[in-house]
Asks: 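I'd like to ask you about the structure that follows.
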Amino acid sequence: TSNSVSETLLGLDALLTEEERGWQAKARTFASQRVSPTIEKDFEDALFRREFVAELGALGMLGMHLTGYGTAGANATSYGLVCYELEAADTAWRTFVSVQGSLAMSALAYFGSDEQKERWLPSLAAGASIGCFGLTEPTGGSDPAGMLTRATRSGDDWVLNGSKRWIGLGSVADVAIIWAQTDDGVRGFVVPTDTPGFRAENIESKHSLRASIQCDLFFDNLRLPASAVLPEARGLSAPFRCLNDARYGIVWGVMGAARDCLDVAIERSKTRLAFGKPIGAMQLTQLKLADSFVEYEKGMLLSLHLAKLKDAQALTPEQISVGKLNNVREAIRIASTARSILAGDGITGDFSVMRHMNNLESVRTYEGTDEIHTLVLGRALTEQGAFR
Ligand code: TGC
Ligand code: FAD
């Protein structure tokens with residue numbers, strides 16, 4: 001777990017506190033000792049290692065940006081560094097922390113009743129339960145305002161009908177936070193997954209995020225008590241507030257994947273020979289590595305800046321869009337450049353690079369596509385919405 005040249009050259013480590021370094025070290029140890037040894041095979045076998053859930057809970061990494069109910073109350077940089085180290089091993093485990101901690105747990109913490117929080121947050125924080133978050137539908141994810149899933153009143157109860165698509169952890173979750181249209185606008189529902197009428201089917205045949213689970217969810221006259229609605233969530237701004245937390249974690253996470261690709265490429269450039277000398281001694285290889293390194297460091301500086309804004313409660317959705325758009329885009333470029341340095345061997349599972357490349361294709365799509373974040377920024381710059 002020693003630091004590589006890509007981490008030390010610019011000296012960003014000096015900007016971290018002891019506590020932040022402690023979180024980073026814990027995540028790095030977990031990633032290198034638990035995830036990395038089997039991840040290539042897990043990716044190939046499409047294996048989600050359920051046993052890691054409680055381990056991440058014991059490390060305090062689930063909903064770690066929240067306070068109370070067994071959560072760690074860590075600062076934004078610490079949360080970011082955990083995402084960064086987990087994603088350096090594989091996006092699947094940063095995604096797990098995002099879905100459980102930032103989406104399902106944030107929804108409960110920000111909008112839940114005391115009873116809902118007490119029922120679910122301690123066990124989600126400990127990793128004794130799994131939570132998922134259903135916003136996207138089969139007809140499209142970029143425009144959640146067009147959702148078709150509907151909750152109607154039946155006496156005091158609610159009856160849920162519809163479906164969701166791409167829902168992380170859906171088939172292993174104990175509780176689902178489901179967003180639905182009602183006569184009163186979009187509301188959120190806390191749905192125990194053993195409720196009759198709830199069905200989850202894994203989406204198979206993925207070429208990305210294979211060590212992670214995404215599902216189609218179906219709700220067939222699923223009956224819920226009045227107490228299942230999230231009392232404080234009204235309108236789409238509620239799920240969007242949870243997305244802000246998860247998107248912030250992605251800003252950091254993808255830089256972890258980028259670091260791993262860069263490190264692999266630097267190492268390879270020292271040992272691989274062509275035309276009688278190391279490929280790292282060739283100017284074209286150095287150009288690739290230097291450009292990648294500069295973008296990596298800029299992404300890290302942006303992450304650190306957004307962390308300071310988040311801790312000051314001043315981080316805006318537009319600022320998160322700058323981070324998500326830039327860092328995912330640059331991580332993809334860095335991974336692709338590293339792959340070109342590894343050339344033929346780069347497409348094999350002997351190296352992590354192609355796995356990161358494939359995973360990052362999911363990341364550019366979920367939590368708002370490149371196009372959506374571009375349009376968020378376009379709207380902020382011109383005061384003209386161009387979505388519709
Ligand atoms: P719009 O009119 O802009 O906004 C509706 C209401 O929401 C408020 N709002 C926000 N509030 C908090 N945070 C944000 N980021 C917000 N963005 C908007 C807004 O102020 C308004 O409030 P109010 O009180 O006036 O009603 O809404 P729109 O329908 O025009 O949509 C805007 C758009 C396109 C940006 C939005 O729909 C969007 O973000 N689309 C992308 C959807 C998305 O990201 N889905 C992600 C699903 S979860 C997932 O992918 C998990 S991946 C696994 C992992 O994270 O690892
Ligand atoms: P669409 O919305 O159909 O978009 C198709 C294309 O059109 C995209 O390129 C898009 O950018 C473009 N487009 C759309 N609108 C515009 C516009 N106005 N202008 C220009 N271009 C536009 N969702 C959840 O709710 N929970 C989860 O846990 C979850 N996990 C996920 C995990 C994975 C691995 C993946 C792949 C997705 C996950 N999602 C989840 C769904 C994800 O948020 C959506 O895939 C994403 O929001 C995009 O929706 P879509 O795939 O339906 O594409």
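Indexing begins at 1, ligand by ligand and atom by atom, following the structure's order.
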Asks: Any idea which protein heavy atom is nearest atom 16 (C) of ligand 2, and the distance to it?
Replies: I372 CD1, 4.4 Å
Asks: Quick one: does S321's side chain have a donor or acceptor within less than 3.5 Å of a partner on V376's backbone?
Replies: no
Asks: Could you check atom 44 (O) of ligand 1 against the protein and tell me its nearest heavy-atom contact, residue, atom and distance included?
Replies: R247 NH2, 2.7 Å
Asks: Can you confirm whether some protein heavy atom lies under 4.0 Å from atom 19 (C) of ligand 1, or whether none does?
Replies: no
Asks: Would you mind running through ligand 2 and noting each atom that sits below 4.0 Å from a heavy atom of S362?
Replies: 34 (C)
Asks: Using 30° and 60° as the class limits, which term best fits the ring planes of F293 and Y296: parallel, tilted or perpendicular?
Replies: tilted
Asks: Starting from atom 55 (O) of ligand 1, which protein heavy atom do you reach first, and at what distance in Å?
Replies: E367 OE2, 2.7 Å
Asks: Applying salt bridge (Lys or Arg N to Asp or Glu O under 4.0 Å) to D184 and R234, what does each step give before you reach the verdict?
Replies: CA-CA 8 Å; D184 205 12; R234 291 187 178 266; 2.9 Å; yes
Asks: Atom 42 (C) of ligand 1: which of G368, G141, G235 has the nearest heavy atom?
Replies: G141
Asks: Out of T136, V376, L169, who gets a non-hydrogen atom closest to atom 47 (C) of ligand 1?
Replies: T136
Asks: What protein heavy atom sits nearest atom 53 (C) of ligand 1, and how far off is it?
Replies: V99 CG2, 3.7 Å
Asks: Quick one: look up the protein heavy atom nearest atom 9 (O) of ligand 2 and list residue, atom name and how far away it is.
Replies: E371 OE1, 3.5 Å
Asks: Where do L121 and M105 come nearest, in terms of heavy atoms and distance?
Replies: CD2-O, 3.7 Å
Asks: Looking at atom 15 (N) of ligand 1, would you say a protein heavy atom lies below 4.0 Å from it?
Replies: yes
Asks: In terms of side-chain heavy atoms, does T136 have a donor or acceptor partner in K164 at a distance below 3.5 Å?
Replies: no
Asks: Which residue and non-hydrogen atom of the protein lie closest to atom 26 (N) of ligand 2, and at what distance in Å?
Replies: F133 O, 2.9 Å
Asks: Among protein heavy atoms, which sits nearest to atom 2 (O) of ligand 1, and what does the distance come to when rounded to 0.1 Å?
Replies: R379 NH1, 4.6 Å
Asks: From the options T374, L375, T369, T365, select the one whose nearest heavy atom is closest to atom 20 (C) of ligand 2.
Replies: L375
Asks: Ring centroid separation for F133 and W179, is it under 6.0 angstrom?
Replies: yes
Asks: For ligand 1, which atoms sit closer than 4.0 Å to a heavy atom of L103?
Replies: 51 (C)
Asks: Considering only non-hydrogen protein atoms, determine which one is nearest to atom 34 (C) of ligand 2 and report residue, atom name and distance to 0.1 Å.
Replies: L209 CD1, 3.4 Å
Asks: Just need the protein heavy atom nearest to atom 52 (O) of ligand 2, so name the residue and atom and give the distance.
Replies: G141 N, 2.8 Å
Asks: Does the salt bridge (Lys or Arg N to Asp or Glu O under 4.0 Å) test come out yes or no for E19 and R21, once each step is laid out?
Replies: CA-CA 5 Å; E19 191 184 340; R21 285 203 197 103; over 6 Å; no
Asks: Ligand 1 versus S102, non-hydrogen atoms closer than 4.0 Å: side chain, backbone, both, neither?
Replies: neither
Asks: Would you please say whether a donor-acceptor pair under 3.5 Å links the side chains of H65 and T71?
Replies: no
Asks: Within the 3.5 Å criterion, strictly below it, is a donor on Q214 or S212 matched to an acceptor on the partner's side chain?
Replies: yes
Asks: For ligand 2, which atoms have a heavy atom of I167 less than 4.0 angstrom away?
Replies: 24 (C), 25 (O), 26 (N), 27 (C), 28 (O)
Asks: For atom 28 (O) of ligand 2, what is the closest protein heavy atom, and at what distance to 0.1 Å?
Replies: G168 N, 3.0 Å
Asks: If you take all heavy atoms of C132 and A176, which pair is closest and at what distance?
Replies: SG-CB, 3.5 Å
Asks: Considering all heavy atoms of both residues, which atom of G112 and which atom of L230 are nearest to each other, and what is their separation?
Replies: CA-CD2, 3.8 Å
Asks: Could you name the option among F240, F387, Y366 that has the heavy atom nearest to atom 52 (S) of ligand 1?
Replies: Y366
Asks: Would you please classify the geometry between the F48 ring and the W93 ring as parallel, tilted or perpendicular, with 30° and 60° separating the classes?
Replies: parallel
Asks: Give the atom numbers and elements of ligand 1 that come within less than 4.0 Å of a heavy atom of T95.
Replies: 56 (O)
Asks: Any idea which protein heavy atom is nearest atom 3 (O) of ligand 2, and the distance to it?
Replies: G140 CA, 4.2 Å
Asks: Using a heavy-atom cut-off of under 4.0 Å, does the side chain or the backbone of E367 touch ligand 2, or both, or neither?
Replies: backbone
Asks: Checking a contact table here: which protein heavy atom is nearest atom 33 (C) of ligand 2, and how many Å away?
Replies: Y366 CD2, 3.4 Å
Asks: Taking all atoms of both residues into account, what is the closest heavy-atom pair of L124 and L62, and its distance?
Replies: O-CD1, 3.5 Å
Asks: What part of L243, side chain, backbone, both or neither, has a heavy atom within less than 4.0 angstrom of ligand 1?
Replies: side chain
Asks: Under the 4.0 Å line, does any protein heavy atom show up next to atom 39 (O) of ligand 1?
Replies: yes
Asks: After noting the C-alpha distance and the side-chain angles of Y84 and R259, does the key distance pass the side chain to side chain donor-acceptor pair (under 3.5 Å) rule?
Replies: CA-CA 9 Å; Y84 167 75; R259 181 193 83 206; 3.3 Å; yes
Asks: When you check the side-chain N and O atoms of E115 and S227, is any donor under 3.5 Å from an acceptor?
Replies: no
Asks: Could you name the option among F387, W166, W179 that has the heavy atom nearest to atom 31 (C) of ligand 2?
Replies: W166
Asks: If only side-chain N and O atoms count, and only distance matters, is there a donor-acceptor pair under 3.5 Å linking S4 with D263?
Replies: yes
Asks: Does R241 qualify as a cation-pi partner of Y110, given the criterion of NZ or CZ under 6.0 Å from the six-membered ring centre and within 45 degrees of its axis?
Replies: yes
Asks: Going by heavy-atom distance to atom 43 (O) of ligand 2, choose the closest among T136, L169, L103.
Replies: T136
Asks: Nearest to atom 30 (O) of ligand 1, what protein heavy atom do you find, and at what distance?
Replies: R388 NH1, 2.9 Å
Asks: To the nearest 0.1 Å, how far is atom 12 (C) of ligand 1 from its closest protein heavy atom, and which atom is that?
Replies: N244 ND2, 3.7 Å
Asks: How far is atom 21 (C) of ligand 1 from its nearest protein heavy atom, and which residue and atom name does that atom have?
Replies: S237 CB, 4.6 Å
Asks: For atom 35 (C) of ligand 1, decide whether some protein heavy-atom distance is shorter than 4.0 Å.
Replies: yes
Asks: Identify, by atom number and element, the atoms of ligand 1 in contact range of P317, meaning under 4.0 Å from any of its heavy atoms.
Replies: 13 (N), 14 (C), 15 (N)
Asks: Assess whether salt bridge (Lys or Arg N to Asp or Glu O under 4.0 Å) is satisfied between E55 and R34, documenting all intermediate values.
Replies: CA-CA 10 Å; E55 294 178 35; R34 301 295 287 142; 2.7 Å; yes
Asks: Identify the protein heavy atom lying closest to atom 56 (O) of ligand 1, giving its residue, its atom name and the separation to 0.1 Å.
Replies: R94 NH1, 3.1 Å
Asks: Below 4.0 angstrom, counting only protein heavy atoms, does anything approach atom 6 (C) of ligand 2?
Replies: no
Asks: Report the part of S142 in contact with ligand 2, treating N, CA, C, O as backbone and CB onward as side chain, heavy atoms under 4.0 Å; options are side chain, backbone, both, neither.
Replies: both
